Amino acid sequence: MRSRVVLRRLLRNRQARSGCLALILLVALAYLGPYAGPYDWTDKDFLAFLSPPSADHWWGTTSIGQDMYAVTLRGMQKSIVIGVLVALISTGLAAMVGAFAGYFGGWVDRLLMWGVDLLLVLPSFLIIAIISPRLRGASWLWFVVLLAAFTWMITSRVVRSMTLSLREREYVLAAAYMGIPRWKIIFRHIVPNLASLLIIDATLNVSAAIIGEAALSFFGFGIQPPDVSLGTLIAEGSRNATGYPWLFAFPAGLLVVLVLSVNLIGDGLRDALDPGSTS
Amino acid sequence: MSILQVRDLTVTFPGGVQAVRGVSYEVSRGEVLGIVGESGSGKSVTSLAVMGLLPPGAVVSGSVTLHGRELIGVQEDELTRVRGKSISMIFQDPLSAFTPVYTIGAQIAEAVRVHQKTGKDKAAKRAVELLDLVGIPHPDARARAFPHEFSGGMRQRAMIAMAIANDPDLLICDEPTTALDVTIQAQVLEVLKTAQRETGAGIVMITHDLGVIAGMADRVLVMYAGRPVEQGPVDELYYRPRMPYTMGLLASIPRVDGAEGPLVPIEGNPPSPAALPPGCPFAPRCPMRIDVCDEEEPPLTAVGGGRHVACVRSREIEHKALTGADVYPLPVIPPSGAVRVPRERRATVLELTDLVRHYPLMKGAVFKRRVGTVHAVDGVSFDIAEGETLALVGESGCGKTTTLQQIMRLEPPQSGHVVVLGQDSARLGKAERKALRGDLQIVFQDPMAALDPRMPVGDVIAEPLRAHGRRNVAARVAELLELVGLSPEHAERYPQQFSGGQRQRIGIARALALEPRLLVLDEPVSALDVSIQAGIINLLEELKNTLGLSYLFVAHDLAVVRHLADRVAVMYLGRIAEIGAVENVYDRPAHPYTQALLSAIPLPDPERERARRRILLQGDPPSPADPPSGCRFRTRCPKFARLGEAERRRCVNEEPSVVRLANATGERPDHGAACHYAEEIEVIPASDDQEEK
């Protein structure tokens, strides 16, 4: 019944509807858009270096004559997947680890929190530097896993402390007295009551992952040239943002629209899950 | 001569919500005005408006005059000269009313120095005098203590000391005893009376407890939906109420002095101040509603004898001498089939033998070491027969809740036995324990906290059904909702869309889902308003009789217990002090603690309440980490104080166990007390209808 009620509330929510629509349009643009453009992302137009947007090159060209329209869309294909996957994995992991540690307590709590503290203390760059040579040539999806693995710890500590207070609520006790297994109580009563925090965390993680990916690419890990992502395009374009604004404006603009649409969906989902909201 | 005059006071909060809509009253010197009303009736907002303590967004209009001086619209610095000097306030929660980082003495001295030009030492001396006046032992030492070192009752006394520090003309008490246990409440009310005698101040007493008002007040103001609906001298109002709401309120309270039969519930819920019905706000719930009621809100009109009533049919009520029991439809509760069989031949559903639960008291941050033991439950034994209600009563900290948890967990106890439906909890396998959970369910105290706010009500009720693999869940949910008086269409709503009483009904529906045989009720009505409470009590009684349930009922309200329970067990510091059939324990209590407890409960009957003599207990209950040797109650026992030296020795050295009283007679010779010198006495004056029997 809960899933039906939440779905109905979600569909009634205007923010969520427009957010979903925007995300679908962005995905369509990323995957179908390249067929509409005159150039492929690997093509180089040696007659137009750094040319501003025109009828031929809709979003201008780069310093080596790549068509910005084709390149940006190619980058966005990767970035949408990276952003959404990293957000889902890291928030999901944070929720699981935090809720289990907080609800079970005792040695489970100590073990999980010891792991969390260890990951917080270790410099993530160091680990990535050690692992990256071994993953060279492997699927770039490994990169998603690694990015997610280094972003969830702080949230999981917050989740744990909130779980500690939720654990004492009478409805959690009531469920235990009904004979419901503890892992089920966590999924049914603890996690839904943390939904507002988790949704905000996930939406923030989307943009953090896309930007963070660019930083790691700089150190030679992740998406490597000639392949591109929104992150690498923004990092490159920002250096010449005043002189050649189209190099920066299009990828950055798309990132903003992407994050905005995810935020709208998140807000809608939060309202749909929260019985207190009237919208 | 009146000290305070309030005329047409209205309070409007941002958003156009009128919380108070035209309140007028006056208080004279030495007079106690009681303001009664349910939550949301605007009684607290009224007093905050008088003090000028409302948040900045609230718009106050009307007039409040103190000694003829207008207080509304006055500058803040002028108000601060009045506050604490001429008017003081006593709040409900004394813990949050003191600053935790200053000593009690310093805070009282500060209150003195703010309004009087005295030296520091003089103010400190005055603080000690005040603490002595309100009955705090060793006042000079306790003045140097911090608020957290005081118990709840002590803090409330200190609060009273602070309030009377400047000899105010008016004391406003906002639910001053609601957070306290009954024996402490009796002490604090006594202190309030002393404070009034010392200062000669007028008192505005705001409470929802009609018993407290009956004993304290000279005049009473009944509020409903932000307006006074009836006002008058206390005796007149209690014995001859003229407004259906007051009549219902008086008929809906369970009374500790007896009167069997169903309580009178007032149907429906108080209206939200944002959406008041047209006409009389009480009309939708009123059994005497006529068409005129919906047209116009009746004004509060004087009817002679200092009384004011806001009801178009008040003359008729007066003429026919109607009471709540006459106008409100009495619910019919079918009799129980189980009680016809004598208790000895009924099956036992729950048996506790010498149940013990101790908690270690740890100290130290890195290396924890045990510094003591909290004796939360220390050898409790009782049993419940089929179809019976056993009430476990006692003050906070006596181990009621711990006992409940030990039963509900169905795990081996530290010591002793918990036997549920013939199965010992220490010998249960995993599958057996789960199956047994279906027969043993719980209803919690706080109806908001007991339901997952993020779960539609249908899922809440279906949860136990699904957990135990029942099929046809949707049909059963609809059936359960109807059983507790809700509509099946409500299944898709969230808990917060329901009122407190409805939420408690949902909690009961969930507990009944698996058709349990024993229901544990943890203070099921204490969070509800009086008029709602009656409906839930009736529902519980009806369910018990129709479904053949047994109840273990935990409560601190002895009046509710008398109404609902067959047997009662009184707990003190982790042990049972007295146990027996309700009529035996209430009419002839044998343990000094039970006697004090029963005599502390205020009766909603002004004449009898004034005529009663209370057995006041000294001090607070000792800490369960360090219970006294021998009899645990001896440190506060009024009987112990009267004993001779040789008799006392037995109390100090020998712990009494529950002994069946030799002269327990009557229909059910079931009465035992844990006292070496048990002696039955009567502490509650018999009610009229009992005398008739």
Side-chain angles (χ1 to χ4, degrees), chain A residues 1-13 95 99 103 105-107 110 159 162-199 269-279, chain B residues 401 404-405 407-411 430-469 473-474 477 491-498 503 506-507 510-511 513-514 516 520 522-523:
Chain A
M1 183 165 302
R2 166 148 71 187
S3 44
R4 207 174 65 219
V5 173
V6 168
L7 190 71
R8 205 177 51 219
R9 286 171 63 104
L10 188 66
L11 292 180
R12 253 203 327 248
N13 190 297
Y103 188 71
W107 64 267
R110 253 170 283 153
V159 167
M162 287 176 76
T163 306
L164 285 180
S165 71
L166 283 176
R167 184 172 70 166
E168 305 298 325
R169 298 282 167 91
E170 282 176 345
Y171 55 81
V172 176
L173 277 182
Y177 292 156
M178 267 170 227
I180 291 171
R182 297 208 274 184
W183 62 271
K184 241 187 206 168
I185 293 179
I186 290 179
F187 283 104
R188 198 178 285 164
H189 294 288
I190 306 260
V191 174
N193 280 291
L194 298 169
S196 302
L197 167 85
L198 295 177
I199 289 168
L269 197 61
R270 209 177 63 210
D271 283 347
L273 280 169
D274 182 5
S277 81
T278 45
S279 54
Chain B
T401 308
L404 274 198
Q405 282 172 354
I407 297 167
M408 289 308 297
R409 286 176 56 187
L410 288 179
E411 267 156 31
K430 214 175 165 192
E432 287 168 313
R433 182 171 296 130
K434 185 168 177 184
L436 195 55
R437 289 205 187 283
D439 287 321
L440 173 68
Q441 284 292 312
I442 187 165
V443 176
F444 287 101
Q445 170 178 15
D446 182 352
M448 191 68 235
L451 307 175
D452 188 340
R454 301 247 161 158
M455 239 186 187
V457 164
D459 274 348
V460 168
I461 298 174
E463 193 175 16
L465 295 169
R466 293 199 184 114
H468 286 256
V473 169
V477 168
E492 287 200 356
R493 293 200 199 159
Y494 284 102
Q496 64 180 36
Q497 288 165 284
F498 295 90
R503 268 184 237 139
I506 295 165
R510 173 176 65 184
L514 293 169
V520 172
D522 186 2
E523 308 249 10

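As a basis for the values below, the full set of heavy atoms in this structure was taken, side chains included, without hydrogen atoms, waters or symmetry mates. Proteins come first, then strands; the chains are lettered A, B, ... in the order of their sequence lines, and each starts at number 1. Keep in mind that what you see is a predicted model, and the values were worked out from it rather than measured.
The two residues B/Tyr494 and A/Val6 make their nearest non-hydrogen contact at OH-CG2, 3.9 Å. Taking both residues in full, the closest heavy atoms of A/Pro275 and B/Pro453 are given as CG-O, 2.9 Å, listed atom of the first, atom of the second, then distance. Scanning both residues, A/Ala174 and B/Arg510, for their nearest heavy atoms gives CB-NH2, 3.5 Å. In terms of heavy atoms, B/Ala450 sits closest to A/Tyr171 at O-CB, 3.2 Å. The two residues A/Leu273 and B/Arg454 make their nearest non-hydrogen contact at O-CD, 3.4 Å.
Put simply, the side chain of A/His189 reaches to within 4.5 Å of the side chain of B/Glu463, judged on heavy atoms. The shortest distance between side-chain heavy atoms of B/Gln441 and A/Tyr177 does not fall below 4.5 Å.
For chain B, the nearby part of A/Arg8 is the side chain; its heavy atoms alone come within less than 4.5 Å. If you measure heavy-atom distances from B/Leu451 to chain A, the contacts under 4.5 Å come from the backbone alone. Using a 4.5 Å cut-off between heavy atoms, B/Pro456 touches chain A through its side chain atoms alone.
In this structure, A/Leu173 CG and B/Asp522 CG are separated by 10.0 Å, a value rounded to the nearest 0.5 Å. With rounding to the nearest 0.5 angstrom, the CE atom of B/Met448 is 11.5 Å from the CD atom of A/Glu170.
Of the possible donor and acceptor atoms, one in the side chain of B/His468 sits under 3.5 Å from a partner among the backbone N and O of A/Met178.
For the options B/Arg493, B/Met455, B/Gln405, heavy-atom pairs under 4.5 Å to chain A are most numerous at B/Met455. The residue among B/Arg437, B/Arg409, B/Gln445 with the most heavy atom pairs within less than 4.5 Å of chain A is B/Arg437.
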